[in-house]
Undergrad: 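Dropping the structure in here first, questions after.
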Amino acid sequence: MSGLLAVALAAYVWSAHGAKPGVLLLLGLGLGVALFHSRFGFTSAWRQLVAVGNGAGLRAHALLLGTTATLFALLIGTGTGLFGSQPTPSAGSIGVGLFAGSVLFAIGMQLGGACASGTLFAVGSGQGSVVLTLGGFIAGATLAAWQFDLWKDLPAWEPVVLSDHIGWLGSWAVTILALLLVVLVTRRVQARRNPPPLGAVPSARGLAVRALRGSWSPAAGALVLAVLGAGILLVSGGAWGVTSAFSLWGSELVGALGGHPENWTWWQRPGNAEMLAGPVLADKTSLTDIGIMIGAALAAAVGGTWALHRRIPWRTALAAVLGGVLMGIGARLAGGCNIGAYLAGIASGSLSGWLWGAFALAGTWVGLKLRPLFGLGNPKPGDGVC
């Protein structure tokens, strides 16, 4: 079923909107497959690091960030793009919105059980509680867009992009050195705290069978995600993002119910007005988001693991919705999520990406304190696995 949907949707998008949107949808499908097979974790990686000091997940982040930074430097530094696009770095302003938004987002993902990309692939693979997270995510992102006038004038400074000061080669070198430092620090922390190891994920034997039906290593997932993310930059001229589509989907729903989101200040900003006025299936971020969900569903079906989880404890359901709302609001305040602000920001040599990650770690600590209130567990030093 998911395979037929993927083929039909790709054929429609290609014929109705052209090759560029069609390729973006295909890249989204690939991201969904890679995210599902590698179970690449942002939420779990920060939780394991803060709770017990296991930095294996954050070291996988470093590989993803470093590979993406290398590809971004090559593409943006040489001005290489397809379909007439000009690749540009993803740089966010630095201020109260970034700091508060990243903290709120991190709290939300610990309550909701997934980050932005994780929410999409978990929904595709049939995780019922994360469907609630996605609903809250869309609601929060739409609420923040509606109330843009309340927070648009928060104190902020201009973006700081390393390439503007030391060129793309220098920016790349500083980013790689900083990521190597992250790896060394997480190893030192892990050696000192001696946390439980990550649990082994069962997988099929044989490379070909494992690629289709088994689990991938975090390193393999990081490399594939980096290449596909760079593909989005190559095709569209902009970095991979997730959450702008949630504001769009929620606002389209408001319009369908008789509201007038086109009158909101958020949708009157340059670029946003065109997004709201255009077809959803021509929007770059909507295409990749939809592709991730379908790709994950396809990968789960091929692997024989797709199942809709229906029984959800009420406290887990409440945490999922609340977490989604916090992530939606936080992403709008911060100018992006773990993908659009953290991954794309660091890979672009933007200081905002590093600050997003630092404040997200602080928000993770708060989120871990709140999880037990909703019956959600945290890793403990005495656990057999993390």
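When reading the values below, keep in mind they use all heavy atoms of this one structure, side chains included, and skip hydrogens, waters and symmetry mates.
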Undergrad: Can the ring centroids of F359 and W356 be said to lie less than 6.0 angstrom from one another?
TA: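 No - the distance between ring centres of F359 and W356 does not fall below the 6.0 Å cut-off.
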Undergrad: Taking all non-hydrogen atoms of both residues, which atom of P381 and which atom of V52 are closest, and how far apart?
TA: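 Taking P381 first and V52 second, the nearest heavy atoms are N-CG1, 3.7 Å.
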Undergrad: Minimum heavy-atom separation for L111 and G323, please, with both atom names.
TA: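 Closest heavy-atom pair between L111 and G323: CB-CA, 4.0 Å.
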Undergrad: Side chain to side chain contact (heavy atoms under 4.5 Å, CB included), that's the test. Do V189 and R192 meet it? Break it down for me.
TA: CA-CA 5 Å; V189 169; R192 181 177 299 173; 5.9 Å; no
Undergrad: Distance check, rounded to the nearest 0.5 Å: L29 atom CG versus L24 atom CG?
TA: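 Going from CG on L29 over to CG on L24, the span is 11.0 Å.
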Undergrad: Is there a path of hydrophobic side-chain contacts, each under 4.5 Å between heavy atoms of I/L/V/M/F/W/Y residues, joining L98 to V96?
TA: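 Yes, same cluster.
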Undergrad: When hydrophobic residues are tied together by side-chain contacts of less than 4.5 Å, even through go-betweens, does L63 share a cluster with W216?
TA: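 Different clusters.
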Undergrad: Would you indicate whether F83, at its atom CZ, is surrounded by more than 12 heavy atoms from other residues, nucleotides or ligands within a distance under 6.0 Å?
TA: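 Yes.
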Undergrad: Using residues 248-255 as the side-chain source, report each donor-acceptor pair under 3.5 Å to any protein atom, sequence neighbours left out, with the distance given to one decimal.
TA:
unit_1 : atom_1 : unit_2 : atom_2 : d
W249   : NE1    : S286   : OG     : 3.0
S251   : OG     : S247   : O      : 2.8
S251   : OG     : W267   : NE1    : 2.9

Undergrad: Do L65 and Y342 come within less than 4.5 Å of each other through their side chains, counting heavy atoms only?
TA: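 A side-chain contact exists here, since the closest heavy-atom pair is under 4.5 Å.
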Undergrad: Can you confirm whether the side chains of T288 and W240 place a donor and an acceptor under 3.5 Å from each other?
TA: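 Absent: no donor and acceptor within the cut-off.
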Undergrad: Do F246 and T142 have side chains that approach each other closer than 4.5 Å (heavy atoms only, starting at C-beta)?
TA: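 No, side chains not in contact.
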Undergrad: So P379 and R47, do their side chains get closer than 4.5 Å, heavy atoms only?
TA: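 In contact.
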Undergrad: Going through the checks in order, is the side chain to side chain donor-acceptor pair (under 3.5 Å) test met by T70 and W172?
TA: CA-CA 7 Å; T70 302; W172 172 82; 2.8 Å; yes
Undergrad: Show the nearest heavy-atom pair for residues G101 and L333, with the distance to one decimal.
TA: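 Answer, listing the atom of G101 first, then L333: CA-CB, 3.8 Å.
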Undergrad: Got a second to check how far K20's NZ is from W14's CH2, nearest 0.5 Å?
TA: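 Those atoms lie 13.0 Å apart.
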Undergrad: With rounding to the nearest 0.5 Å, note down the distance linking CD1 in I292 to OG1 in T119.
TA: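 Answer for the CD1-OG1 pair, I292 versus T119, is 10.5 Å.
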Undergrad: After noting the C-alpha distance and the side-chain angles of L368 and V50, does the key distance pass the side chain to side chain contact (heavy atoms under 4.5 Å, CB included) rule?
TA: CA-CA 8 Å; L368 295 184; V50 173; 3.6 Å; yes
Undergrad: Side chain to side chain contact (heavy atoms under 4.5 Å, CB included), that's the test. Do W168 and I76 meet it? Break it down for me.
TA: CA-CA 8 Å; W168 275 103; I76 302 175; 3.3 Å; yes
Undergrad: Kindly compute the distance separating CE (M327) from CZ (F137), expressed to the nearest 0.5 Å.
TA: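 Between atom CE of M327 and atom CZ of F137 there are 4.5 Å.
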Undergrad: I'd like to know if the side chain of H165 reaches the main chain of S171, judged simply by a donor and an acceptor atom lying under 3.5 Å from each other, with no hydrogens or angles considered.
TA: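 Pair absent, no side-chain N/O of H165 close to backbone of S171.
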Undergrad: What distance separates T43 OG1 from M109 CE, expressed to the nearest 0.5 Å?
TA: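 Rounded to the nearest 0.5 Å, the OG1-CE separation comes out at 5.0 Å.
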Undergrad: Quick check: do L9 and L281 have side-chain heavy atoms less than 4.5 Å from each other?
TA: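 Yes, side chains in contact.
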Undergrad: Between the side chains of S350 and S348, does any donor sit under 3.5 Å from an acceptor?
TA: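 No, S348 and S350 have no side-chain donor paired with an acceptor closer than 3.5 Å.
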Undergrad: What I'd like to find out is whether the side chain of F42 reaches to under 4.5 Å of the side chain of L64, using heavy atoms alone.
TA: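 They are in side-chain contact.
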Undergrad: First locate atom CD1 of I339, then atom OG1 of T243, and finally report the distance between them rounded to the nearest 0.5 Å.
TA: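 Between atom CD1 of I339 and atom OG1 of T243 there are 10.0 Å.
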Undergrad: For F374, is the NZ or CZ atom of R371 found under 6.0 angstrom from the centre of its six-membered ring and inside 45 degrees of the ring axis?
TA: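 Not flagged: R371 not positioned over aromatic ring of F374.
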Undergrad: Specify the closest pair of heavy atoms between L58 and A45, including all atoms of both residues, with the distance to one decimal.
TA: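 Minimum heavy-atom contact is N-CB, 4.0 Å.
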Undergrad: Measuring only between side-chain heavy atoms, which start at C-beta, is E262 closer than 4.5 Å to Q268?
TA: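 In short, these two side chains do not touch, never coming nearer than 4.5 Å.
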Undergrad: Just wondering, do P196 and N54 contact through their side chains at under 4.5 Å, heavy atoms?
TA: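 No, every pair of side-chain atoms sits at 4.5 Å or beyond.
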Undergrad: Between V182 and W354, does the side chain to side chain contact (heavy atoms under 4.5 Å, CB included) criterion hold? Intermediate values first, please.
TA: CA-CA 11 Å; V182 169; W354 290 101; 4.1 Å; yes
Undergrad: Give the ring-plane orientation class for W266 versus F148, where under 30° counts as parallel, over 60° as perpendicular and anything between as tilted.
TA: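 Rings of W266 and F148: perpendicular, over 60°.
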Undergrad: Does the side chain of V302 reach to within under 4.5 Å of the side chain of F36, using non-hydrogen atoms?
TA: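 No. Closest side-chain heavy atoms not under 4.5 Å.
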Undergrad: Looking just at side-chain N and O atoms, do Q147 and R332 make a donor-acceptor pair shorter than 3.5 Å?
TA: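 Side chains of Q147 and R332: no pair found under 3.5 Å.
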Undergrad: For residues A341 and G336, report the shortest heavy-atom separation together with the two atoms involved.
TA: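 That would be CB-C, 3.6 Å.
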Undergrad: Please report the shortest heavy-atom distance between W157 and S93, naming the atom on each side.
TA: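 Residues W157 and S93, closest heavy atoms: O-CB, 3.3 Å.
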